[in-house]
Amino acid sequence: MNILSLFPAIPLLMMLGLWISKNTKQIRTVMVAGSSVLLALAAWLVIAYLGMRADGQTAKMLFTDSFMWYKPLNIHYSVGVDGISVAMILLSAIIVFTGTFASWRMETGMKEFFLWFCFLSVGVFGFFISLDLFTMFMFYEVALIPMYLLIGVWGSGKKEYSAMKLTLMLMFGSALLLIGILGIYFGSGATTMNILEIADMHNIPLALQKVWFPIVFIGFGILGALFPFHTWSPDGHASAPTAVSMLHAGVLMKLGGYGCFRVAMYLLPEAAQELNWIFIILTAISVVYGAFSACVQTDLKYINAYSSVSHCGLVLFAILMMNTTAATGAVMQMLSHGLMTALFFALIGMIYGRTHTRDIRELSGLMKVMPFLSVGYVIAGLANLGLPGFSGFVAEMTIFNGAFMNNDTFHRVVTIIACTSIVITAVYILRVIGRILYGTCTNPEHLKLKDATWDERIAVTVLVIAIAGLGIFPLWMNDMISNSVTGVISHILN
């Protein structure tokens with residue numbers, strides 16, 4: 001079996017193991033074993049990929065494999081990875097591993113919850129390794145479908161409303177994607193749905209590209225919280241259980257940015273060049289609007305949800321700048337934001353599990369009561385506002401530097417507007433940290449609370465190490481991503 005096929009196969013085996021598990025101990029054993037194997041396999045993939053590139057392998061995709069699935073439309077199960085895909089696979093493996101420990105003490109329906117959680121993981125991993133448009137779309141759907149049940153059954157607050165809203169919005173995006181994929185396939189006159197082969201043909205007429213590009217970009221952009229299609233995101237994040245929020249914001253939303261770059265812009269380059277200004281304006285609005293909206297929220301999850309709208313908007317903003325520096329920053333931002341927001345949602349879930357509130361007006365002095373969780377929250381906040389030494393600084397500075405390389409007035413003005421989000425982010429992050437962690441604990445019941453358990457410490461520590469590691473030693477990841485981004489940008493511009 002191709003090494004890449006193990007990534008969706010292992011969650012399937014985990015589902016089988018969960019199905020035959022008889023008690024909580026067996027369920028936990030299956031999840032820890034499976035997620036540990038995924039993380040080790042992802043780390044091995046990174047090392048092997050870098051080794052092959054160092055040895056002079058220059059193919060666009062490595063570890064490729066393909067076999068026929070459906071002959072009438074020439075649909076293949078085609079897999080392969082470049083530096084962008086490898087980074088996303090590593091991110092997904094880290095979130096699945098830490099999400100397992102974040103849900104360690106789930107009280108109701110643990111077995112069924114993890115079954116759907118693993119099913120969602122199948123879709124995520126399958127999406128990032130796919131080179132066939134239809135296979136990619138299939139895994140995309142697999143990743144979306146479990147969200148309704150995971151939120152609607154195990155969520156909190158207005159969970160049924162949030163689950164339905166999320167599902168309807170994302171299914172609308174899926175409908176656009178299916179139309180766009182078929183349009184690309186028939187419009188190109190291709191005899192295959194392989195992304196690389198369609199790109200090499202480069203024969204979709206500009207008139208058709210102008211039709212399919214907005215459809216495909218919006219289809220993926222909805223999942224990437226593109227304004228004004230972002231409204232599902234805050235409600236979905238706020239109602240989702242902790243591990244689902246981590247995987248949803250940390251990985252699932254990255255499918256949107258990845259798809260916009262890998263499919264919409266790569267396969268429809270001329271239309272991307274002509275129409276990108278429209279989406280640059282929309283993404284700039286996402287960046288600033290999301291940050292301002294986070295400032296006025298009082299629920300910890302809504303604050304982080306609107307922060308995610310802003311940071312994911314920055315990903316789409318960067319890829320639309322169409323230069324290697326900005327696009328490299330976009331992928332670094334996907335990786336950085338995935339880790340940061342997973343840490344935030346993990347910590348918020350842990351704080352809520354103890355205090356039974358997410359309202360910042362009812363929380364204060366938590367640093368004295370639960371110092372480990374509070375320090376973790378401070379680190380997540382500092383990374384989010386772009387403090388040097390953490391992953392957020394590396395990603396955002398790369399994006400803004402790349403965006404400002406476009407020396408025309410339009411690009412520089414929108415870049416300056418997007419840069420204001422740095423200041424706004426600092427306002428709401430420091431406001432929340434000061435309000436809930438410092439000062440006097442005004443609720444006497446909170447003084448009786450305990451700090452993080454061993455399983456929670458594992459989840460938080462792994463994410464903190466990843467965030468700090470990417471911030472302190474970014475060059476190896478930056479180089480791996482940049483080499484792959486260069487080929488995509490060259491194709492778009494030539």
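Excluded from the calculations below are hydrogen atoms, water molecules and symmetry mates; all remaining heavy atoms, backbone and side chain alike, are included.
- With 3.5 Å as the limit, one finds no donor-acceptor pair spanning the side chains of Thr328 and Asn478.
- The salt bridge (charged side-chain N to carboxylate O under 4.0 Å, His left out) analysis of residues 299-309, with sequence neighbours excluded, yields the pairs Asp299-Arg358.
- The environment of CZ in Phe410 is crowded: more than 12 heavy-atom neighbours from other residues, nucleotides or ligands sit within 6.0 Å.
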Show me the donor-acceptor pairs, under 3.5 Å and distance only, between side chains in residues 125-142 and residues at least two apart or in other chains.
from: Ser130; atom 1: OG; to: Gly126; atom 2: O; distance (Å): 2.6
from: Asp132; atom 1: OD1; to: Phe134; atom 2: N; distance (Å): 3.0
from: Asp132; atom 1: OD1; to: Thr135; atom 2: N; distance (Å): 3.1
from: Asp132; atom 1: OD1; to: Thr135; atom 2: OG1; distance (Å): 3.4
from: Asp132; atom 1: OD2; to: His76; atom 2: N; distance (Å): 3.2
from: Thr135; atom 1: OG1; to: His76; atom 2: O; distance (Å): 2.7
from: Glu141; atom 1: OE2; to: Ser174; atom 2: OG; distance (Å): 2.5

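- The stretch residues 180-205 participates, sequence neighbours left out, in these salt bridge (charged side-chain N to carboxylate O under 4.0 Å, His left out) pairs: Lys60-Asp200.
- Residue pairs satisfying the salt bridge (charged side-chain N to carboxylate O under 4.0 Å, His left out) criterion with at least one member in residues 407-434, sequence neighbours excluded, are absent.
- Each salt bridge (charged side-chain N to carboxylate O under 4.0 Å, His left out) pair with one or both residues in residues 265-279, not counting sequence neighbours, appears once here: Lys210-Glu274.
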Show the atom names and distances, to 0.1 Å, of all donor-acceptor pairs under 3.5 Å that link a side chain in residues 394-405 to residues at least two apart or in another chain.
from: Glu396; atom 1: OE2; to: His311; atom 2: NE2; distance (Å): 3.4
from: Thr398; atom 1: OG1; to: Val394; atom 2: O; distance (Å): 2.6

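- With sequence neighbours left out, Asp359 forms a side-chain hydrogen bond (donor to acceptor under 3.5 Å, both in side chains) with Arg361.
- Tyr77 and Ser66 form no side-chain donor-acceptor contact under 3.5 Å, judged by distance and modelled atom types alone.
- With sequence neighbours excluded, no residue forms a salt bridge (Lys or Arg N to Asp or Glu O under 4.0 Å) with Asp479.
- Here the closest heavy-atom approach between residue Leu316 and residue Gly257 is recorded as CD2-CA, 3.8 Å.
- Residues forming a side chain to side chain contact (heavy atoms under 4.5 Å, CB included) with Ala48 (at least two apart in sequence, or on another chain): Trp44, Phe63.
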Scan the side chains in residues 79-89 for donor-acceptor partners under 3.5 Å anywhere in the protein, sequence neighbours excluded, and list what turns up.
from: Asp82; atom 1: OD1; to: Ile84; atom 2: N; distance (Å): 3.2
from: Asp82; atom 1: OD1; to: Ser85; atom 2: N; distance (Å): 3.1
from: Asp82; atom 1: OD1; to: Ser85; atom 2: OG; distance (Å): 3.1
from: Asp82; atom 1: OD1; to: Arg262; atom 2: NH2; distance (Å): 2.8
from: Asp82; atom 1: OD2; to: Arg262; atom 2: NH1; distance (Å): 2.9
from: Asp82; atom 1: OD2; to: Arg262; atom 2: NH2; distance (Å): 3.0
from: Ser85; atom 1: OG; to: Tyr258; atom 2: OH; distance (Å): 3.0
from: Ser85; atom 1: OG; to: Arg262; atom 2: NH2; distance (Å): 3.1

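- In this structure Ser162 satisfies the side-chain hydrogen bond (donor to acceptor under 3.5 Å, both in side chains) test together with Ser239, sequence neighbours excluded.
- Sorted by first then second residue, the ring-ring contact (aromatic ring centres under 6.0 Å, His included) pairs that include residues 278-306, not counting sequence neighbours, are Phe213-Phe279, Phe217-Phe279, Phe227-Tyr289, His230-Tyr289.
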